[in-house]
2 protein chains.
Amino acid sequence: MVTLAEVAQHAGVSASTVSYVLSGKRSISATTRQRVERSIQLLGYHPNAGARALASNRSNIIALMIPLRTDMYVPVMMEIAIAVTTAARAHGYDVLLLTGEEGPDAVRRVTGSGLADAMIVMDVELDDERLPLLRATDQPSVLIGLPADTLGLTCVDLDFRATGALCVEHLAMLGHRDLAVIGEAPAVYERHTGFAERTLDGLRSRARELGIRLVHRACEGGYDAMALTLARIFDERPGTTGFVVQNESAIEPLLALLRQRGRAVPEDVSVVAVCPDQVAVQASVRLTSVAIPAQEMGRHAVARLVAKLDGRGGDEVVLIAPELTVRASTGPAPAAS
Amino acid sequence: MVTLAEVAQHAGVSASTVSYVLSGKRSISATTRQRVERSIQLLGYHPNAGARALASNRSNIIALMIPLRTDMYVPVMMEIAIAVTTAARAHGYDVLLLTGEEGPDAVRRVTGSGLADAMIVMDVELDDERLPLLRATDQPSVLIGLPADTLGLTCVDLDFRATGALCVEHLAMLGHRDLAVIGEAPAVYERHTGFAERTLDGLRSRARELGIRLVHRACEGGYDAMALTLARIFDERPGTTGFVVQNESAIEPLLALLRQRGRAVPEDVSVVAVCPDQVAVQASVRLTSVAIPAQEMGRHAVARLVAKLDGRGGDEVVLIAPELTVRASTGPAPAAS
DNA sequence: GTTGGCTGTCGAAGCGCTTCGACATGTATG
DNA sequence: CATACATGTCGAAGCGCTTCGACAGCCAAC
């Protein structure tokens, strides 16, 4: 394992000079710099992470807390994780992966040990027990998601309220007057993860404004649960012609069941999904959808975090504006018969 | 930030004593230990990760390289990542997330800088450029996946050859004589990721042994690609009654298309999938499937790695035996008409 | 030609921890 | 009773780096 001292010796300079070449914190003559850089190349030197962390009090690591459950919006999580990792690398940081398992202790451990310089927290609940800790520590953090009280916190999320509104608007514009919302599993609402409620809120208030009828049903994913939910909806509101789905594992079952009932999409009923674009285009009907911009959220979170680490910028709530892409699953409402 | 020295002072012992209480590397009297532990509690002490890494030459971090693409077997990757993280924590390790993006350089960086003590590499290609580096370094590593040459490497993977054989056996036993295999996207075969070929190999050789006809078609995911593939298959082999699918994003489209063609599952055709259990149970037909044991692979990989770090156990290839779960998508072949 | 201010380099201290050898004890052995 | 040997604790060195102050050399300014 090559050390700074060896590089210094090889280049015929002192250790501190090598250090300054690496960090750029003091001016170094061009010739010296080149000589040092050449030695670094030749010897294949990599600064020792531990030593660096100890001396500089910076680990150059960002902690990323992801949810433990693997039963929900997995692709989104994965995409965010990858986007975060890639973005972090671009800023010279590595990413430490933590699962929700440890709960608040993870926050204590990371901040206490200097393992990471900052953290990104996903799957934030409305009244998350990690929030007080994050507020108390002087380590920068960014939440992906929106808790009830954002005071003193930096958050990045899709504007789910606007998302809901956008879905209703699109369907209303096409002439649909009776909408049904297929939501996440009841557990998601019970955990108060926020985003589901906010979407619903947006859906409802816009529907009210536009004079649209709207029912909402939470729904476990899968074929059987969806079958029950759909039957109930058509029982109660036979005139339903527009669907908004916010539950990845309900999408295909819904489409299959509609087909089975002889309701053509988009001729008889229209479907708008809230899901990653990839899911929307791979579905059995190319879905009109509001994308969950995982990449963007990941990149944004890292950008904010790095800004904080550099002493720029403070707390802020960034709500990403939703974008609806029209594909093949929505069309004009059928003439009332 | 509380330091070891402060704990020592608080407990009225020397720093080294505290260190030995923490590591257990020398015997400490019960009374001293308790006093120290109490001080640790009281002061909320967490050892500084950098200092520890520097002094002990151990970071207690395991690097996990995941593929950059988010277009393939995402849930499996995610599940493995979470299983690895959880298992690692149970052994006192944290996990550093790396994407394939950096390529072999990531290996150099991590081993060179002492950022991690060991690494787990996913998405291994048959002739992966990272392999020489992994063989050369004295840092332990475990591959999830199976390259062409496993000499000097430790690998964990599902036994995909046996998986293929198992699928054929199951369908043969039910009387199916004409099988079609819906494979991964052509790109997967071109990248020589191994697992797809190995499955195919198992399928073919078992089919040959049992006198079963079998066609294989690589297939991009999605509805349109699947429609084309299926049309071709039925054109060429109208008598096909058994399907093996190894492509998550082809599953739902396949089921929908079969339904559309009036072929009932499992009455007219049987379908076996190679996919995570969760996907199998959430499909529109509960699928008979061979599970991809993501959790087990992740746990196994960590266990091997920790064993190596502790100086136990050497190189080894662990192939996990496949298990086929019969669900609602397979049944007796229809009487030849 | 002295002063002042840059620029580029160096030496040394110190970050918080682990670990080695040393050294008191206390306990079994001849 | 002396010798040997665990047992429990301490002091000090050192891991590889960053960073501060010092300082040599140089140029410009009066």
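The figures here come from the full heavy-atom set of this structure, side chains too, leaving out hydrogens, waters and symmetry mates.
Look at A/Ser16 and you won't find any side-chain N or O under 4.0 angstrom from OP1 or OP2 of C/dT9. Side-chain N/O atoms of A/Lys25 include none lying less than 4.0 angstrom from OP1 or OP2 on D/dT18. Under 4.0 angstrom from either OP1 or OP2 of D/dG8 there lies no side-chain N or O belonging to B/Ser29. Within the structure, a side-chain polar atom (N or O) of B/Ser27 is placed less than 4.0 Å from OP1 or OP2 of D/dG8.
The environment of A/Arg38 atom CZ is sparse: at most 12 non-hydrogen atoms of other residues, nucleotides or ligands sit within 6.0 angstrom. Surrounding CG of B/Asp127 are at most 12 heavy atoms belonging to other residues, nucleotides or ligands under 6.0 Å away. More than 12 heavy atoms of other shown residues, nucleotides or ligands fall within 6.0 angstrom of atom CG in A/Asp149. Atom CG of B/Asn57 sits in a sparse spot, with 12 or fewer heavy atoms from other residues, nucleotides or ligands closer than 6.0 Å.
Taking five base pairs at each end of the helix from C/dG1-D/dC30 to C/dT27-D/dA4 and finding the rotation axis that steps the C1' atoms of four pairs onto the next four gives two axes whose angle is 50°, to the nearest 10°.
Which of D/dC10, C/dC17, C/dC10 sits closest to the side chain of B/Arg52 comes down to C/dC17.
If you take CG of B/Leu4 and P of C/dC17, they are 4 Å apart, rounded to a whole angstrom. Per the geometry, CZ belonging to A/Arg58 stands 16 Å off P belonging to C/dG16, to the nearest Å. If you measure from atom CG of B/Asn57 to atom C1' of D/dG14, you get 12 Å, rounded to the nearest angstrom. Rounded to an integer number of Å, the gap from CG of B/Leu22 to C1' of C/dC17 is 10 Å. As rounded to whole Å, 9 Å separates atom C1' of D/dG14 from atom CG of B/Leu54. B/Tyr20 places its OH atom 11 Å from the C1' atom of D/dG8, with the value rounded to the nearest Å.
Under 4.0 Å is where a charged nitrogen must lie from a carboxylate oxygen, and between B/Arg304 and B/Glu316 at least one such pair does. Salt bridge B/Arg135/B/Asp315: absent, no basic N to carboxylate O contact under 4.0 Å. Ion pairing between A/Glu102 and B/Arg89 holds under the 4.0 Å rule for side-chain N and carboxylate O.
As judged by a 4.0 angstrom heavy-atom cut-off over every strand, B/Ile28 is placed among residues touching the sugar-phosphate backbone only. Using a 4.0 Å heavy-atom distance criterion, B/Thr3 is classed as a sugar-phosphate-only contact. Nucleic acid contact class of B/Ser56 (heavy atoms, under 4.0 Å, all strands): sugar-phosphate only.
Considering B/Val124, B/Leu151, B/Val121, B/Leu126 as possible partners of B/Leu131, the one that fulfils the side chain to side chain contact (heavy atoms under 4.5 Å, CB included) test is B/Val124.
Of the two residues contacting DNA chain D, namely A/Ala55 and B/Thr17, the nearest-nucleotide position lying further toward the 5' end is that of B/Thr17.
Within a heavy-atom distance below 4.0 Å of DNA chain D, the residues of residues 32-48 of chain B found are B/Thr32.
Not a single donor-acceptor pair, N or O on each side, falls under 3.5 Å between the base of C/dT7 and the side chain of A/Arg26.
In this structure, a donor-acceptor pair under 3.5 Å is absent between the side chains of B/Arg33 and B/Tyr20.
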In a table with atom names and distances, give each donor-acceptor pair under 3.5 Å that connects a side chain of residues 4-17 of chain A to protein atoms at least two apart or in another chain.
residue, atom, partner, partner atom, Å
A/Glu6, OE1, A/Thr3, N, 2.7
A/His10, ND1, A/Ser39, OG, 2.8
A/Ser14, OG, A/Ser16, OG, 3.0
A/Ser14, OG, A/Thr17, N, 3.4
A/Ser14, OG, A/Thr17, OG1, 3.1

